[in-house]
2 protein chains.
Amino acid sequence: MSILAPPAAVRLDARPLYRQVEEILLGRIVGGDWPPGHAVPSEPELAAELGVSQGTVRKAMSALEQRHVIERRQGRGTTVAKHNSETARHHFFRLRDLSGRAVLSRIMVVSSEPGRAEPWEAAALGLEEGAPVHHLRRIRLLDGSPRIFERCSLSSALVPGFQLPAGELAQELYVYLQQRHQVTIRRAEEELSAAAADTETAEALGKPAGTPLLMVQRIAYDVADRAVEVRLSMIDTERHRYAVHLD
Amino acid sequence: MSILAPPAAVRLDARPLYRQVEEILLGRIVGGDWPPGHAVPSEPELAAELGVSQGTVRKAMSALEQRHVIERRQGRGTTVAKHNSETARHHFFRLRDLSGRAVLSRIMVVSSEPGRAEPWEAAALGLEEGAPVHHLRRIRLLDGSPRIFERCSLSSALVPGFQLPAGELAQELYVYLQQRHQVTIRRAEEELSAAAADTETAEALGKPAGTPLLMVQRIAYDVADRAVEVRLSMIDTERHRYAVHLD
DNA sequence: AAGTGGTCTAGACCACGAC
DNA sequence: TCGTGGTCTAGACCACTTA
């Protein structure tokens, strides 16, 4: 930093320096300069480049790490977060069996086709009614039995030309979005309620219509906080529970 | 710290210094030396007392703040977290109306009486079967209508002689536990599922038996991480949603 | 004006991982 | 052995609250 202008040029901004550094780093990730898996420069390097102390860089990177935007490991270095089946599940799959253990999950695709946004989908994704989306229906088998019927809508503006790889049935959707569409899902908001099984869902899960199901509406956002996906999951909770930690 | 023994006496412990400081501070809170609302000494004071730098104290206190054990405010100082109706709701009440807005909630006590732990209660609270507990049944009115039927069990070992103040119906339970029993609820784990309304619940909520309800089992832990309460909530989600943020 | 937490720096050493 | 992130220090100044 310059000697006689203590706060330095960047500091015309009122926000703390570490926030600005955080935003600069995030910008490089969102902008694609640093794709998933990329090795981020070391802390001393970034400090020198940005004209701040290493401590300031550390504070910025700690915030990004906490949001799972980057991954740090002592001795190895820092990389841009890259989804894999395990991390995607760990962050975004809250179901456990009755003993609290993780669940073996397998996916079957029921249908996959382009469509137009219904009002509720448009509202969730921040689109105009009738905007192009991609519809995906899936059934999840938990520990071998069909337990979840999912109806997903992907915003075609963010995932243009989406289509499942031919012949490939199961796959963690967010891993696929990152690999094939350069879209990294970073967070999601879910709204839970109880509902009776409609006929389509009942058939998919092999349950009588009217069975009480856990209904989860999810909106998933990418690293730039754009709504990418809205998903309606109908869950048979006979042998599983949705786990939440409050603190 | 002494000059020739760099890591100092405390440092025989393998854990980082700031973790040890965190534990020392938490110990004073759990032990009752610093009750809820107590003004924690300033950072420089604690640093001098414990023989570490202010930065180390800061890191320890930041962790405690993030866990809502203490509250820090610039200029004012740091205090031990004290529940009030607003914070208790904000942390532990996840229901929103269909527009995502907070909900007006009123409580009616249905029954309140001592009892013995059923197997599932004993398991949840880490007690022996038949151990003394206090049973509490409540109905919550959300925006004026009965929407939640709650069956709570409090571990009498941790909340001896619990009884509701005569004549007083509504009250945020965790505020009451802190004020009258020196037990501060710090976190909770919830397991959600869908279930058909049983007759008792249906009657309490004025719904037909068999109506799909959101069932939430909560286990609440105090600052020392002891299970204090297990609660079964049956929720009518006709006009409300349980909101979860995943990141 | 005094005292608190919040930001920022500069530099030391440690623990871990890869080469 | 070297480079990385992780810990810890000492001290400066800023922003806010209270009196």
Side-chain angles (χ1 to χ4, degrees), chain A residues 1-25 34 37-66 68-81, chain B residues 1-25 34 37-66 68-81:
Chain A
M1 307 193 58
S2 61
I3 296 176
L4 289 179
V10 202
R11 206 49 206 288
L12 294 174
D13 197 326
R15 295 167 307 163
L17 253 187
Y18 64 84
R19 288 265 177 236
Q20 301 175 46
V21 171
E22 186 183 338
E23 200 151 294
I24 290 171
L25 301 180
W34 293 345
H38 181 267
V40 173
S42 75
E43 293 172 357
E45 276 183 89
L46 286 171
E49 184 210 337
L50 300 174
V52 301
S53 76
Q54 182 176 352
T56 301
V57 171
R58 277 190 68 72
K59 185 149 185 175
M61 294 182 85
S62 293
L64 292 173
E65 184 189 30
Q66 202 172 10
H68 302 118
V69 174
I70 60 175
E71 295 173 355
R72 296 198 285 186
R73 275 178 56 189
Q74 193 176 34
R76 181 178 156 283
T78 299
T79 55
V80 178
Chain B
M1 307 191 59
S2 61
I3 296 176
L4 288 179
V10 201
R11 205 50 205 291
L12 294 175
D13 198 327
R15 295 167 308 163
L17 254 188
Y18 65 84
R19 286 263 178 241
Q20 302 176 44
V21 171
E22 185 183 338
E23 201 151 294
I24 290 171
L25 300 181
W34 294 346
H38 182 265
V40 173
S42 74
E43 293 172 357
E45 276 183 88
L46 286 171
E49 183 210 338
L50 301 173
V52 301
S53 76
Q54 182 176 351
T56 301
V57 172
R58 277 190 69 71
K59 187 151 185 174
M61 294 183 84
S62 294
L64 292 174
E65 183 188 30
Q66 201 172 9
H68 302 119
V69 174
I70 61 175
E71 295 172 354
R72 296 197 286 187
R73 275 177 55 190
Q74 195 175 30
R76 182 177 155 284
T78 299
T79 55
V80 178

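These figures come from a predicted structure and were not determined experimentally. Atoms considered below: every heavy atom in the structure, side chains included; atoms not considered: hydrogens, waters and symmetry mates. Residue numbers start from 1 in every chain, and the chains themselves are labelled A, B, ... in the order their sequence lines are given, proteins ahead of strands.
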Exercise. Just to confirm, is there a sub-4.0 Å distance from OP1 or OP2 of D:dT7 to any side-chain nitrogen or oxygen of B:Tyr18?
Worked result: yes

Exercise. Counting side-chain heavy atoms from C-beta on, which of C:dT9, C:dG5, C:dC8 comes nearest to A:Pro16?
Worked result: C:dC8

For this session: Starting from C1' on C:dC8, measure out to CG on A:Leu17 and report it in whole angstrom.
Result: 7 Å

Exercise. Quick one: A:Leu46 CG to D:dG3 P, roughly how many Å, whole number?
Worked result: 17 Å

For this session: To the nearest 0.5 Å, tell me how far B:Leu46 CG sits from B:Thr56 OG1.
Result: 12.0 Å

Exercise. Any side-chain N or O of A:Lys59 under 4.0 Å from OP1/OP2 of C:dT7?
Worked result: yes

For this session: Using distance alone, with no hydrogens and no angle criterion, decide if B:Arg72 and B:Ser62 have a side-chain donor and acceptor under 3.5 Å apart.
Result: yes

Exercise. Given atom CG of A:Leu50 and atom P of C:dT9, what is their separation to the nearest angstrom?
Worked result: 11 Å

Exercise. Does any residue of residues 70-79 of chain A have a heavy atom under 4.0 Å from DNA chain D, and if so, which ones, in number order?
Worked result: A:Arg72, A:Arg73, A:Gln74, A:Gly75, A:Gly77, A:Thr78

Exercise. Could you give the CZ-to-P distance, from B:Arg19 to D:dG6, as a whole number of Å?
Worked result: 12 Å

Seminar exercise, completed: Taken to the nearest whole Å, CD/B:Gln66 to P/C:dG5 is 18 Å

Problem set entry | Nearest-0.5 Å distance that lies between atom CD in A:Glu23 and atom CD in A:Gln20 | 8.5 Å

Seminar exercise, completed: Of A:Thr56 and B:Gln54, the one whose nearest nucleotide on DNA chain C sits closer to the 5' end is B:Gln54

Seminar exercise, completed: Correct closest heavy-atom pair for B:Tyr18 and B:Ala60 would be O-CB, 3.4 Å

Exercise. What integer distance in Å separates B:Glu43:CD from C:dT7:C1'?
Worked result: 12 Å

Exercise. What is the distance, rounded to the nearest whole Å, between atom CZ of A:Arg58 and atom P of C:dT7?
Worked result: 16 Å

Problem set entry | Trace of the side chain to side chain contact (heavy atoms under 4.5 Å, CB included) decision for B:Glu22 with B:Arg15 | CA-CA 11 Å; B:Glu22 185 183 338; B:Arg15 295 167 308 163; over 6 Å; no

For this session: Please state whether the phosphate of D:dG11, meaning OP1 or OP2, lies under 4.0 angstrom from any side-chain nitrogen or oxygen of B:Ser53.
Result: no

Seminar exercise, completed: Contacts satisfying salt bridge (Lys or Arg N to Asp or Glu O under 4.0 Å) that involve residues 53-64 of chain A (not counting sequence neighbours) are A:Glu43-A:Arg58

For this session: Starting at atom CD of B:Glu22, determine the distance to atom P of D:dT7, rounded to an integer number of angstrom.
Result: 12 Å

Exercise. In Å and rounded to the nearest 0.5 Å, what is the CG to CD1 distance from B:Leu64 to B:Ile70?
Worked result: 5.0 Å

